[in-house]
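Below: the structure, in C-alpha cells.
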There are 2 protein chains.
Amino acid sequence: MSRITIKDVAELADVSPATVSRVLNHGPTVAEDLRDRVMAAIRQLGYRPNSQARFLRTRATTVLGLIISDITNPFFTSMVRGAEDAASKAGYSVVLANTDEDLDKERRYIEVAAAENMAGVILSPASATRTSIELLLERGVPVVTVDRRLQTAKVDRVGVNNVRAAQEAVIRLVDQGCRRIGFIAGPAEVTTAADRLSGYKHGLRASGLPFSRELVVRGDYRIEGGRAAAATLMRLDPRPDALFVSNNLMTLGAVMTLRDLGLSYPSDIKLAAFDDMSWTLGLSDTMTLISQPTYEIGRQACELLLRRIAGERFPPRHVVLGATLD
Amino acid sequence: MSRITIKDVAELADVSPATVSRVLNHGPTVAEDLRDRVMAAIRQLGYRPNSQARFLRTRATTVLGLIISDITNPFFTSMVRGAEDAASKAGYSVVLANTDEDLDKERRYIEVAAAENMAGVILSPASATRTSIELLLERGVPVVTVDRRLQTAKVDRVGVNNVRAAQEAVIRLVDQGCRRIGFIAGPAEVTTAADRLSGYKHGLRASGLPFSRELVVRGDYRIEGGRAAAATLMRLDPRPDALFVSNNLMTLGAVMTLRDLGLSYPSDIKLAAFDDMSWTLGLSDTMTLISQPTYEIGRQACELLLRRIAGERFPPRHVVLGATLD
DNA sequence: TTGAAAGCGCTAACAT
DNA sequence: ATGTTAGCGCTTTCAA
C-alpha cells in the first residue's frame, strides 16, 4: 500500500528526511557514508517517492501526453515510438490517448492532461479551429501539434509540406498518362486535408489540367469513408483514370471498392496515396505513395516540447520535414 | 499558470476553503446561496482543483492505465473503446501505453502507473511468467489482464476460450476437406499462443488427424513473423492444404507470402485465422475467422477493475467470453 | 554537510 | 451548516 515514506527511509538510515531528499535529487552534496546508508535503506524498504507529493512542491512532472486522433493508424504508431524514444532519453514517460477524431473526446483528454499537470502535450488536433488547448496553455503546459496545424498558430508544430507532396503526386500521375484524376479528400476541419486538396489543385494547374469539382469527394480519413468516396467517384462518366487518396486508411477503402468493381490497378486505373502502408497487403509497389518520416516527426515534436518544458522561449516554430514520393 | 487555488475561490466567494471543497465533492450539505456563490467564483476564476494535492489527502485518483502489447492492432483498439466507455461512465479516464511486446517497456509503464498512483491497470501481458505487476499489487493497485493470462493467477482476467475456438476452427477446416493443416503459432511466452496451439492439437485429435511437428511454426504476432512462418510452411513437401494463423497481423503476413507464391485462397489453399480483420482488404469472406468480442472484453475488464477499485473483495475471477466462428 | 521547519493545495476531523 | 485546524509526502529555505 505504498505506506513507505521518505520519513521511514530517514529513520532507518538515521538521517533527516531532507538528506534522503537530497540523495534522491541533487546529487553530490551528501557525504558518502550517509548516502550509502540512505541508498541501502531505500532498497531495503522498497521505497518509491510519491510523485504527487513531489509535484506539490516542485510543480514538475515527468509525464508527457500524446493525444492522437487515431491510434490504429500505423502512421501514428511510428510517431509515438519517435516521441517515446526522445522522451525516455530525457527521463520522461509518455501516455497516450485516442480521440477518434472526436472533439469531445479530445477536450476530455486535454482536461485530463491539465488536471494531471502533465509536463507537456503532443497533439494531433481533430480540428484546426475548434480546439481546447487553451486549457493547457493557460496553465503554462506547452503544446506541440504534430501532423496537423492549428489555426491560432501560437504553438509549435512538426509535420510535412502536404501541399507540395500532394502536388508532386499529381504530377507523377499525369506523367503516367492520367488526365482525369479523382481526389478523395479528408475532413474539412483538418489542415492536412485542406493542404492536400490545395496541392492537388496546384498539381493540376501545373500540369495544365482543369480542376473539376465533381472529381473531389470528401472522406473521413477512415476506411469506410474511402470506400464510399471511391464508389462515388467511380460512378462518374467518364470514369476517372486515376484516384489520389489523401490518407492510408481511406486508401484501403478505395481499394476495396475497386476490387468490388472488378478493377485492377495500375492496369485499369492508377492510384496515388498519402502515408505508408507497408503493413497492409503490399499495395505499395502498385501505386504512387507519399511517405512521411513519422518516427522523425514524433521525435522532433518531443524534443521541441522538452525544450519548451525546460523553459526555453522562442517564437512558435513550424518544423517541416520532407515527405518522399516513391 | 494554475495559480488559482481553492483559497482564492474561498476568498472571492467569502467562505472557507472547506466549504468550497464540500461544494466540489460531497454534494448537498451546503446551503444554496453559498453553493451558488462558490460556483460563481469557480467559474469566474476558472478554478480547477489540483488533483495531486487532492490525491495526497484522499489517496484516490480517477485515472486508469491500459497497458497494451500492440496498439496498432485493431483488436486492442476496440477493446480500448470498451474500457473507455465503462470508465467514463464511472467518472474515470483512461490513459494508454504501448509495450510492443517488450518486457522492459512493460515494466517501465507499470512503474509509471505505480508512480502516478493510477487507480487501476488493465494489462495485456507480454509474458505469462515474467511480469512486474507486483509493483502495482504491492501498492494496492488492482490489475486486470485482458486477452492473456498470467501464470500467477492472482489477478482477474477477461478473455475468450482460445483452446475451444482454435479447436473449432481446425474442425471447420477438416470439414472443408483439409488434411494437412499448417499452424502459425504465437510467441511462446503468451498464454493465448499456448492455448491456441493446444486447441489446434485438440482439433486434430478430434478429427482423427495426426499431429506433425513440422506443421507448426512459431511467429511473433506481427506481420513479418506471419510472412516468414508461412514461407517456411509452404516449403514443406507435401505442401499444407490449409493454414491456420493464430492472430490477425500474422495473417496479413501469411497472405503476402501466398500472393508472392501465386497461390489463391480458398481455391489453392484454405485459411483460418484468429481475430477480426474487416479493417483490411476484405479477406474475411474467403477464410474461416474467429472473432472475439473485443469491445465487450474491454468493457468487462474495466468494470471488474472498477469493482476492485471500489474495494470489493472476491477471489480472482476469470471471465471467459464467447469467440465466434464465421 | 546536515537538520528543523515551513508550506505546496487539498480534504477530513473537529469545533462551533 | 460552516469554519478552523491539521496533515497527506515531499522539497527547500534557513540555521547550525
Side-chain angles (χ1 to χ4, degrees), chain A residues 1-39 41-42 45-63 114-119 138-141, chain B residues 1-39 41-42 45-63 91 114-119 139-141:
Chain A
M1 288 285 184
S2 181
R3 292 278 82 117
I4 308 121
T5 77
I6 201 170
K7 230 176 121 191
D8 301 320
V9 176
E11 270 166 27
L12 181 58
D14 197 30
V15 296
S16 74
T19 300
V20 178
S21 174
R22 280 190 273 258
V23 169
L24 251 34
N25 302 304
H26 356 270
T29 66
V30 178
E32 207 161 322
D33 53 328
L34 285 201
R35 161 179 231 83
D36 291 347
R37 258 154 54 202
V38 167
M39 290 309 284
I42 287 175
L45 294 172
Y47 167 71
R48 302 196 159 244
N50 179 321
S51 55
Q52 276 85 357
R54 172 178 287 167
F55 168 82
L56 216 51
R57 289 292 313 194
T58 61
R59 324 241 87 203
T61 49
T62 55
V63 176
E116 295 295 310
N117 290 296
M118 291 183 185
E138 277 167 7
R139 311 181 123 220
V141 178
Chain B
M1 287 286 183
S2 182
R3 293 277 83 115
I4 307 122
T5 77
I6 202 171
K7 230 175 122 192
D8 302 320
V9 176
E11 272 165 27
L12 181 59
D14 197 30
V15 296
S16 75
T19 301
V20 178
S21 173
R22 279 189 275 255
V23 170
L24 251 35
N25 301 305
H26 357 272
T29 67
V30 178
E32 208 161 319
D33 54 326
L34 284 201
R35 162 182 229 81
D36 291 346
R37 258 155 54 203
V38 168
M39 290 309 284
I42 287 175
L45 295 173
Y47 167 71
R48 303 197 157 243
N50 179 321
S51 55
Q52 277 85 357
R54 171 179 286 167
F55 169 81
L56 216 50
R57 288 295 315 199
T58 61
R59 322 242 87 204
T61 50
T62 56
V63 176
E116 295 294 309
N117 289 295
M118 291 183 186
R139 310 181 123 219
V141 179

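Keep in mind it's a predicted model, so treat the numbers as computed, not measured. Sequence lines set the chain letters: A, B, ... in the order given, protein chains first and strands last, and positions in each chain run from 1.
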*Shortest side-chain distance from B:Ala31, nucleotide among D:dT2, C:dC8, C:dC10*: D:dT2
*At under 4.0 Å, does any side-chain N or O of B:Arg54 touch on OP1 or OP2 of C:dT11?*
yes
*Given D:dG3, is OP1 or OP2 found less than 4.0 Å from the side-chain N or O atoms of B:Ser16?*
yes
_Using a heavy-atom cut-off of 4.0 Å across all strands, would you classify A:Ser21 as base, sugar-phosphate, or nothing?_
base
*asked:* Side chain of A:Ala53, heavy atoms from C-beta onward: which of C:dC10, C:dT11, D:dG9 has the nearest atom to it?
replied: D:dG9
*Side chain of B:Arg3 - closest among C:dG9, D:dG9, C:dC10*: C:dG9
*Please state how far atom CZ in A:Phe55 lies from atom P in D:dC10, giving the value in whole angstrom units.*
16 Å
_B:Ser16: partners by side chain to side chain donor-acceptor pair (under 3.5 Å), with sequence neighbours left out_ = B:Thr19
*Are any of A:Asn25's side-chain N or O atoms less than 4.0 Å away from OP1 or OP2 of D:dT11?*
yes
*Taking the side chain as C-beta and beyond, is there a heavy-atom pair between A:Ile42 and A:Val38 under 4.5 Å?*
yes
*Provide, to the nearest angstrom, the distance between the CG atom belonging to B:Leu56 and the P atom belonging to D:dG7.*
14 Å
*What nucleotide, of C:dG9, C:dA6, C:dT11, holds the atom closest to the side chain of A:Arg57?*
C:dA6
*Please step through side chain to side chain contact (heavy atoms under 4.5 Å, CB included) for the pair B:Asp33 and B:Asp36, ending with a clear verdict.*
CA-CA 5 Å; B:Asp33 54 326; B:Asp36 291 346; 5.6 Å; no
*Side-chain N or O of B:Thr19 less than 4.0 angstrom from OP1 or OP2 on D:dG3?*
yes
*Length of the CG-C1' vector between A:Asn50 and D:dC8, whole Å*: 9 Å
*In whole angstrom, what separates B:Ile6's CD1 from C:dT11's C1'?*
8 Å
Could you list the protein-to-nucleotides 13-16 of chain C atom pairs, N/O on both sides, closer than 3.5 Å?
none

*asked:* If I take atom CD in residue A:Glu11 and atom C1' in nucleotide C:dG3, what distance separates them, rounded to the nearest angstrom?
replied: 14 Å
*Rounded to the nearest 0.5 Å, how far apart are CG of A:Leu24 and CD1 of A:Ile6?*
6.5 Å
*Do A:Thr58 side-chain atoms and A:Arg54 backbone N/O form a donor-acceptor pair below 3.5 Å?*
yes
*asked:* Under a 3.5 Å distance rule, please check whether B:Gln52 uses its side chain to pair with a backbone N or O of A:Ala53 as donor and acceptor.
replied: no
*Which listed nucleotide (D:dG3, C:dT11, D:dT11) is nearest to the side chain of B:Val15?*
D:dG3
_Donor-acceptor pair, distance only, cut-off 3.5 Å: does the side chain of B:Arg139 make one with the backbone of B:Asn117?_
no
*Separation of B:Asn117 atom CG from D:dC8 atom P, in whole Å?*
16 Å
*Once you round it to whole Å, what is the distance between C1' of D:dG9 and CG of A:Leu45?*
15 Å
*Are A:Asn50 and B:Leu56 close enough that some pair of their side-chain heavy atoms sits under 4.5 Å apart?*
yes
*Integer-rounded Å distance: D:dT12 C1' and A:Leu24 CG*: 15 Å
